[in-house]
There are 2 protein chains.
Amino acid sequence: MYQIDAMSRTPVYEQIADMTEKLVLSGVLKPNDMLPSVRSLSAELKTNPNTVQKAFTELDFRGIVRTVPGRGCFIRPDVFDALKKRAAAKLAELCRLCREIRAAGVPLEDITTEINKIYNGGEENGL
Amino acid sequence: MYQIDAMSRTPVYEQIADMTEKLVLSGVLKPNDMLPSVRSLSAELKTNPNTVQKAFTELDFRGIVRTVPGRGCFIRPDVFDALKKRAAAKLAELCRLCREIRAAGVPLEDITTEINKIYNGGEENGL
DNA sequence: TCTACTGTATTATCCGTATTAGTACAGTTG
DNA sequence: CAACTGTACTAATACGGATAATACAGTAGA
């Protein structure tokens with residue numbers, strides 16, 4: 001279910017968190033589903049339990065999961081609200097970048113054509 | 001000419017580099033102009049000469065300046081080509097973000113309306 | 001040539017943060 | 001009580017950023 005690239009520059013705990021988020025987006029993980037335990041997942045990924053825990057803490061911070069001591073880590077019932085907020089934050093970041101690009105003198109058309117390509121281009125969803 | 005925010009989370013050397021780039025974009029610095037010397041600028045900004053040197057090295061890497069040992073650090077004659085390449089790189093980064101946002105289920109219209117706001121909104125250029 | 005400027009290189013130290021790890025503790029369930 | 005769950009604490013390591021002191025090398029002008 002999970003797959004980690006140890007050679008990536010993105011930290012392992014972040015890979016786990018991002019992957020979990022995408023598993024929700026793709027419907028593999030649904031609200032109230034329980035995630036693998038800290039120990040089982042760390043064994044599967046051959047990492048330290050604390051690394052997995054940090055991923056869970058990150059997911060908790062993002063509003064994706066709710067962890068219950070002694071019971072486990074569960075996808076929040078309102079996970080899609082959290083995902084919407086995350087998307088909004090990414091959109092804000094995109095706007096920040098866009099202002100920089102505008103300041104660099106790039107015309108609006110250059111941006112819109114690229115974005116249209118992305119939205120028209122095929123069915124790949126990048127998950 | 002230069003102004004540094006020591007409390008910012010962006011490193012001083014990066015602030016210097018970014019500011020220099022913007023001074024070119026706004027026409028304050030022109031091709032072949034000489035930048036302040038490492039020592040004078042570090043004195044002015046109350047930083048270490050090495051910090052300024054790192055900024056100059058960064059600007060060299062970006063293709064903004066050409067430093068000549070013994071003479072000084074000068075805005076490259078072809079600086080605007082470098083700026084175009086930098087803008088293209090930023091556009092690529094924007095596209096990467098855009099794919100993420102699309103994967104999160106955000107409709108194309110949400111993005112285009114935000115971007116149109118930025119390009120129609122006033123004359124502020126963020127420099 | 002001498003002098004005063006320019007950038008460059010080297011080495012070291014300090015600080016803060018990120019990442020991973022080891023170990024022990026605490027809550028829950030049957 | 002046993003076996004599972006998450007949690008806290010500490011430590012080792014690495015990295016990035018900034019500072020500092022020094023020394024070196026190229027350039028330009030008096």
Side-chain angles (χ1 to χ4, degrees), chain A residues 1-21 29 31-77 79, chain B residues 1-21 29 31-77 79:
Chain A
M1 188 148 157
Y2 282 89
Q3 217 171 347
I4 292 302
D5 177 10
M7 288 302 102
S8 168
R9 271 83 76 227
T10 70
V12 174
Y13 81 91
E14 204 173 314
Q15 289 184 50
I16 297 173
D18 290 348
M19 198 164 299
T20 304
E21 200 173 300
L29 285 174
N32 294 312
D33 277 359
M34 184 180 165
L35 268 59
S37 78
V38 166
R39 285 169 184 75
S40 66
L41 187 52
S42 68
E44 183 188 332
L45 302 181
K46 302 187 203 316
T47 70
N48 192 277
N50 280 336
T51 304
V52 177
Q53 190 201 342
K54 189 161 185 179
F56 285 9
T57 305
E58 169 68 19
L59 285 166
D60 202 309
F61 176 77
R62 294 188 191 174
I64 308 292
V65 303
R66 180 176 43 105
T67 64
V68 185
R71 295 202 52 229
C73 186
F74 304 87
I75 304 291
R76 293 180 68 120
V79 62
Chain B
M1 189 152 159
Y2 283 90
Q3 215 169 348
I4 293 302
D5 177 11
M7 288 302 102
S8 169
R9 271 83 75 226
T10 69
V12 173
Y13 82 91
E14 206 174 311
Q15 289 184 50
I16 296 172
D18 290 348
M19 199 165 299
T20 303
E21 201 174 300
L29 285 174
N32 295 311
D33 277 359
M34 182 181 168
L35 268 59
S37 79
V38 166
R39 287 168 181 77
S40 67
L41 187 52
S42 67
E44 183 187 331
L45 301 181
K46 301 187 204 315
T47 70
N48 192 278
N50 282 338
T51 303
V52 176
Q53 191 198 340
K54 189 163 185 180
F56 284 10
T57 304
E58 169 68 19
L59 285 167
D60 202 309
F61 176 77
R62 293 188 191 175
I64 308 293
V65 302
R66 179 177 45 104
T67 63
V68 185
R71 295 202 54 226
C73 186
F74 303 87
I75 304 292
R76 292 181 67 120
V79 62

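Here the structure is a predicted model, which is why all the values come from computation and not from measurement. When reading the values below, keep in mind they use all heavy atoms of this one structure, side chains included, and skip hydrogens, waters and symmetry mates. Naming convention: chains lettered A, B, ... in sequence-line order (proteins, then strands); numbering from 1 in each chain.
When rounded to the nearest whole Å, the span between CD1 of B:I4 and P of D:dT19 equals 11 Å. Here D:dG6 presents its P atom at 17 Å from CD of A:E58, a figure rounded to the nearest Å. Remark: P of C:dT6 and CG of B:D60 are 18 Å apart, rounded to the nearest angstrom. Rounding to whole angstrom units, CZ of residue A:F61 and C1' of D:dG6 are separated by 20 Å. Atom CG in A:L41 sits roughly 15 Å away from atom C1' in C:dT20 (whole-Å rounding). Following rounding to the nearest Å, B:R9 (CZ) and D:dA18 (P) show an atom-to-atom distance of 13 Å. In this structure, B:F74 atom CZ and C:dC5 atom P are separated by 16 Å, rounded to whole Å.
In the set D:dT27, D:dA18, C:dG7, the nucleotide with an atom closest to the side chain of B:R71 is D:dT27. With distances taken from any side-chain atom of B:P11 to the nucleotides C:dT29, D:dG17, D:dG6, the minimum falls on D:dG17.
Between B:E58 and B:A17 the shortest heavy-atom distance is CG-CB, 3.9 Å. Summarising the geometry of A:Y13 relative to A:K54, their closest heavy-atom pair is CD1-CG, 3.8 Å, with the distance given to 0.1 Å. A pairwise comparison of heavy atoms in A:P36 and A:L41 identifies CB-CB, 4.0 Å as the closest pair. For the residue pair B:N32 and B:R66, the shortest heavy atom distance occurs at OD1-NH2, 4.5 Å.
The shortest distance between the side-chain N/O atoms of A:Y13 and the OP1/OP2 oxygens of C:dT19 is below 4.0 Å. Contact annotation: A:T67 does not reach the phosphate of D:dG6 (side-chain N/O to OP1 or OP2, under 4.0 Å).
Within the 4.5 Å cutoff, the side chain of B:V79 has no heavy atoms near those of the B:E21 side chain. Put simply, the side chain of B:K46 does not reach to within 4.5 Å of the side chain of B:I4, judged on heavy atoms. The shortest side-chain heavy-atom distance between A:L35 and A:T20 falls under the 4.5 Å cut-off.
B:R39 contributes a side-chain N or O that forms a donor-acceptor pair with the base of C:dG7 under 3.5 Å.
Near DNA chain C, meaning a heavy atom under 4.0 Å away, the residues from residues 45-54 of chain B are B:N50, B:Q53.
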